[in-house]
Amino acid sequence: MLVLNADDAVTAAIEMQIRSKALYEKAARVISHPKVKNTMKHFANCADEYMMVFTVIAFKLRARGLSSAGFDKSYLNFLQALVDTHTLFDEKESGTELVHNTVDFFKFASRATKDTILYLSEMMDLLPAKEVAPVKQCFDMHREQLHQLRCLLEMLLSEDTNASNQRTFTPAPTPNPTPSPYVFSDAKSFSQYASKRSPE
């Protein structure tokens, strides 16, 4: 995806949200943990909202004739590098195949969110002042999303550790011993037993 102007930059932001939505929808279908599943659904809905924000901005830029406005070549190259190295644009790893491995998935999602945060922070510099506020809101929400991802991973790792400890240290039930016929409650009962065993 080439970033040659403001329109391209906003289009790249939209594409990031499209891929984020696909990632979180897949996670919501596969992950069984109720809290994590609900959070993944929430993140997918948020990606929809972000897409709408960026789509509206793109229309406004085109309406004002600003979508193809020229910018410093080095700045556009920097944005291009952020797109090229974004985790969600890695052709070798989409993230959707990682949802079965909790740790790998959350690491991937965290990297992707971090890359989006960095991209949005830079993209704001090429937008008209009136369009910065909604992007800044998306930026802040992505930061909170990154925090939630880290918290969810810590929660799942903690639960796995506790479950592992229980499996390791829970003793097996002790079988009830078979009563011995040679256990006597007192000296009298022993004497009676002994007298019966004595030779005539």
Side-chain angles (χ1 to χ4, degrees), residues 1-33 35-55 57-58 61 67 71-127 134-157 160:
M1 177 174 290
L2 294 177
V3 179
L4 303 176
N5 49 50
D7 191 28
D8 293 339
V10 177
T11 299
I14 294 172
E15 182 62 27
M16 290 173 193
Q17 301 311 315
I18 291 173
R19 298 186 183 207
S20 291
K21 180 182 178 181
L23 177 67
Y24 292 126
E25 285 181 336
K26 176 68 177 293
R29 289 194 299 270
V30 172
I31 295 175
S32 59
H33 192 290
K35 183 175 181 179
V36 178
K37 179 184 286 291
N38 290 335
T39 304
M40 295 300 100
K41 290 179 180 179
H42 172 65
F43 286 172
N45 291 335
C46 286
D48 255 339
E49 295 177 11
Y50 303 147
M51 276 190 280
M52 289 300 300
V53 169
F54 298 137
T55 300
I57 291 174
L61 291 177
S67 60
F71 293 92
D72 181 79
K73 182 68 174 177
S74 63
Y75 175 66
L76 290 176
N77 284 339
F78 178 54
L79 285 180
Q80 183 69 61
L82 294 180
V83 171
D84 292 342
T85 59
H86 196 294
T87 303
L88 290 172
F89 291 99
D90 186 345
E91 298 300 329
K92 296 179 181 179
E93 187 178 48
S94 67
T96 55
E97 73 279 4
L98 300 176
V99 296
H100 297 282
N101 185 308
T102 302
V103 175
D104 287 346
F105 168 75
F106 277 95
K107 286 182 177 179
F108 180 92
S110 295
R111 290 199 309 272
T113 305
K114 175 211 50 167
D115 290 346
T116 299
I117 290 170
L118 178 58
Y119 182 81
L120 294 180
S121 69
E122 296 298 330
M123 189 185 78
M124 284 187 279
D125 289 343
L126 62 77
L127 297 176
V135 178
K136 177 62 167 60
Q137 184 177 5
C138 292
F139 170 86
D140 291 338
M141 292 176 72
H142 275 83
R143 288 183 62 180
E144 175 59 26
Q145 184 172 308
L146 180 58
H147 170 67
Q148 291 182 51
L149 285 168
R150 300 303 301 174
C151 289
L152 286 174
L153 177 58
E154 291 174 3
M155 177 194 72
L156 291 173
L157 290 176
D160 287 345

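We're numbering straight along the sequence, starting at 1. Keep in mind it's a predicted model, so treat the numbers as computed, not measured.
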Item to check | Heavy-atom closest pair, residues Met123 and Leu79 | outcome: N-CD2, 4.2 Å
Item to check | Salt-bridge contact Asp140-Lys136 (side-chain N to carboxylate O under 4.0 Å) | outcome: yes
Checklist entry - Between Arg150 and Phe106, is any pair of side-chain heavy atoms under 4.5 Å apart? => result no
Checklist outcome for this item: Between the CE atom in Met51 and the NZ atom in Lys21, the distance rounded to the nearest 0.5 Å is 5.0 Å
Item to check | Side chains of Leu153 and Phe105 in contact at under 4.5 Å (non-hydrogen atoms) | outcome: no
Checklist entry - About how many Å separate CD1 of Ile18 and CG of Leu88, when rounded to the nearest 0.5 Å? => result 11.5 Å
Checklist entry - Can Asp8 and Gln80 be said to form a side-chain contact (heavy atoms from CB on, under 4.5 Å), step by step? => result CA-CA 10 Å; Asp8 293 339; Gln80 183 69 61; over 6 Å; no
Next on the checklist: Using only atom types and a distance under 3.5 Å, with no angle test, would you say the side chain of Tyr75 pairs donor to acceptor with the backbone of Glu122?
Outcome noted: yes
Checklist outcome for this item: In short, Ala6 meets Leu126 closest at the heavy-atom pair CB-CD1, 3.7 Å
Checklist outcome for this item: Distance col, row Ser110:OG vs His147:NE2, nearest 0.5 angstrom, shows 11.5 Å
Next on the checklist: Do Phe43 and Leu149 make a side-chain contact, defined as non-hydrogen atoms from C-beta onward lying under 4.5 Å apart?
Outcome noted: yes
Next on the checklist: Are more than 12 heavy atoms, taken from residues, nucleotides or ligands other than Met52, located less than 6.0 Å from that residue's CE atom?
Outcome noted: no
Next on the checklist: Show the nearest heavy-atom pair for residues Thr87 and Asp115, with the distance to one decimal.
Outcome noted: OG1-OD2, 2.6 Å
Item to check | Interatomic spacing from CD in Glu49 to CE in Met141 - rounded to 0.5 Å | outcome: 5.5 Å
Checklist entry - Looking at side-chain heavy atoms only, is the closest gap between Ser121 and Leu118 below 4.5 Å? => result yes
Item to check | Shortest non-hydrogen separation from Ala44 to Glu25 and the atoms involved | outcome: CB-CG, 3.8 Å
Item to check | Atom CD of Gln137 with >12 non-hydrogen neighbours under 6.0 angstrom | outcome: no
Checklist entry - Hey, is the main chain of Ala13 close enough, under 3.5 Å, to the side chain of Tyr50 for a donor-acceptor pair? => result no
Next on the checklist: So, taking the atom named OG1 in Thr116 and the one named CZ in Arg111, what distance separates them when rounded to the nearest 0.5 Å?
Outcome noted: 12.5 Å
Item to check | Interatomic spacing from CG in Asn77 to CG in Leu82 - rounded to 0.5 Å | outcome: 11.0 Å
Next on the checklist: For Thr113 versus His142, what's the shortest heavy-atom pair and its separation?
Outcome noted: CG2-O, 3.4 Å
Next on the checklist: Treating Lys37 as the side-chain partner and Ile31 as the backbone partner, does any N or O pair qualify as donor plus acceptor under 3.5 Å?
Outcome noted: yes
Next on the checklist: Quick one, Leu61 and Ile57 - any side-chain contact, counting heavy atoms below 4.5 Å?
Outcome noted: yes
Next on the checklist: How close do Asn5 and Asp7 get, counting heavy atoms only, and between which atoms?
Outcome noted: OD1-N, 3.1 Å
Next on the checklist: For a 4.5 angstrom cut-off between non-hydrogen side-chain atoms, does Leu127 reach Val10?
Outcome noted: yes
Checklist entry - Do Cys138 and Phe54 touch side chain to side chain, with heavy atoms closer than 4.5 Å? => result yes
Next on the checklist: Regarding Arg19 and Glu15, does a basic nitrogen lie under 4.0 Å from an acidic carboxylate oxygen?
Outcome noted: yes
Checklist entry - Pick from His42, Gln145, Lys41: which one makes a side chain to side chain donor-acceptor pair (under 3.5 Å) with Tyr24? => result Gln145
